[in-house]
Amino acid sequence: MLAAVAVAGATTTVAIAVNFATDLKTNVFAWIAVPLSTLLSGVVAEAAQRVARGEPIRPLFARPGGRCVAIAISALTLAAIIVSVTVMLTVSTSAGDAAEGSTRPVVQQETGYPLTSSSGFCPKTDKLDLDAAQPGRGGQPQLGDLLDRCKMDGGLAELVLEPDEIHTPHGSRQLFLLKHGESAGYQRCLAALTERLTDRISLRDIRQGSHICVRTDVGNVAQVDVVKVDRSTGSETHVVIDFSVWPP
């Protein structure tokens, strides 16, 4: 019986390692069923041996060391159930978030959109209206707005690229930079936009793979994925982004 407990414990440890190294959803039941079946087979085998020898089958608590064995079995079973339920709920929630993010209607979606910082008279490369996926206007009217060739195709911009930072055009706090490596998506950005937002993000904190969540001027939820940051061309900075915009 003690050998069965030891085998079950070792099996559980290995199964948990495999579980977290591969797919939680497919392996979560393996490290419950395998160790418990090992324990049960040990109990059944011992009972069969006692019957074959004509010995009485004593309750587990009545055997030497039986109390410790019973406690170990109970603890293993309870731990497996708790962890299993937690993992299944987490997987279910994540799957639901991913499904909602992929099926939710998209207002705008672009890949490989270039931004270039500029101080020219009629810049159209440094401001982006995410809702229109077009160059946007800044927060203050400019003389160039009076000229047809300077009018922006989009509305108010959400992002303005400077040589050393990205900011909103009128100082409104509507940006949130996720931690590098953190998964993004509609649900994560929706939650992030309830946290402490900022109106500017230094390019020192942005690199390839960074995600910025944005609340647009019309209230939509946007995710901006940084594909490339290039500050090697004199005073200009070049940034390439992918972005998706969802209704709130």
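Residues satisfying the side-chain contact (heavy atoms from CB on, under 4.5 Å) test with Ser172, not counting sequence neighbours, are Thr168, His170, Gln174. Taking the side chain to side chain donor-acceptor pair (under 3.5 Å) definition, one finds that Asp225 meets it with His211, Gln223, sequence neighbours left out. For His180, the side-chain contact (heavy atoms from CB on, under 4.5 Å) test picks out Arg207, Ser210, with sequence neighbours left out. With sequence neighbours excluded, no residue forms a side-chain contact (heavy atoms from CB on, under 4.5 Å) with Pro114. Considering only residues two or more places apart in sequence or on other chains, Thr237 meets the side chain to side chain donor-acceptor pair (under 3.5 Å) condition with none of them. Applying the ring-ring contact (aromatic ring centres under 6.0 Å, His included) rule to Phe176 yields no partners; only residues at least two apart in sequence or on another chain are considered. With sequence neighbours excluded, the residues satisfying side-chain contact (heavy atoms from CB on, under 4.5 Å) with Val107 are Asn220, Val245, Pro247.
Listed by first and then second residue, the salt bridge (charged side-chain N to carboxylate O under 4.0 Å, His left out) pairs that reach into residues 233-248 come to none, sequence neighbours excluded. Applying the salt bridge (charged side-chain N to carboxylate O under 4.0 Å, His left out) test to residues at least two apart or on different chains, the pairs with a partner in residues 165-186 are Glu165-Arg200, Glu182-Arg188. For residues 186-248, the set of pairs meeting the disulfide (SG to SG under 2.5 Å) definition, not counting sequence neighbours, comprises Cys189-Cys213.
Here the straight-line distance linking atom CG of Leu175 with atom CG of Leu193 works out to 9.0 Å at 0.5 Å rounding. Here Arg104 contributes atom CZ and Tyr186 contributes atom OH; the two are 3.5 Å apart, rounded to the nearest 0.5 Å. Rounding to the nearest 0.5 Å places CD of Gln108 at 13.0 Å from CH2 of Trp246. For the atom pair CG (Leu156) and CG (Asp217), the distance works out to 5.0 Å, reported to the nearest 0.5 Å.
Pairing each heavy atom of Glu110 with each of Ala133, the nearest pair is CG-CB, 3.9 Å. Shown here for Ala222 and Leu130, the closest heavy-atom pair between the two residues is CB-CD1, 3.8 Å. Shown here for Ala184 and Leu178, the closest heavy-atom pair between the two residues is CB-CD1, 3.7 Å.
You'll find the side chain of Gln208 stays beyond 4.5 Å of the side chain of Val229, heavy atoms only. Looking at Val239 and Asp230, their side chains never come closer than 4.5 Å, going by heavy atoms from C-beta outward. Within the 4.5 Å cutoff, the side chain of Arg137 has no heavy atoms near those of the Pro169 side chain. At least one side-chain heavy atom of Ile201 sits under 4.5 Å from a side-chain heavy atom of Ile212. The shortest distance between side-chain heavy atoms of Val160 and Glu162 falls below 4.5 Å. You'll find the side chain of Ile241 reaches within 4.5 Å of the side chain of Leu128, heavy atoms only.
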Run the side-chain contact (heavy atoms from CB on, under 4.5 Å) check on Ile206 and Ile166 step by step: do they pass?
CA-CA 9 Å; Ile206 297 175; Ile166 291 177; 4.1 Å; yes

Applying side-chain contact (heavy atoms from CB on, under 4.5 Å) to Leu159 and His167, what does each step give before you reach the verdict?
CA-CA 6 Å; Leu159 302 178; His167 64 85; over 6 Å; no

What do the steps show when you test Leu177 against Asp205 for side-chain contact (heavy atoms from CB on, under 4.5 Å), and what is the final call?
CA-CA 9 Å; Leu177 176 64; Asp205 300 325; 3.9 Å; yes

Pair Asp129, Glu158 - check side-chain contact (heavy atoms from CB on, under 4.5 Å), show working.
CA-CA 6 Å; Asp129 175 12; Glu158 280 79 36; 3.3 Å; yes

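Residues Val221 and Leu197 are members of one and the same hydrophobic cluster, defined by side-chain heavy-atom contacts under 4.5 angstrom among Ile, Leu, Val, Met, Phe, Trp and Tyr. Following chains of ILVMFWY side-chain contacts shorter than 4.5 Å, one cannot reach Val106 starting from Tyr113, and the two form parts of different hydrophobic clusters.
Hydrophobic clustering, defined by side-chain heavy atoms of Ile, Leu, Val, Met, Phe, Trp and Tyr closer than 4.5 Å, groups Val240 together with Val227.
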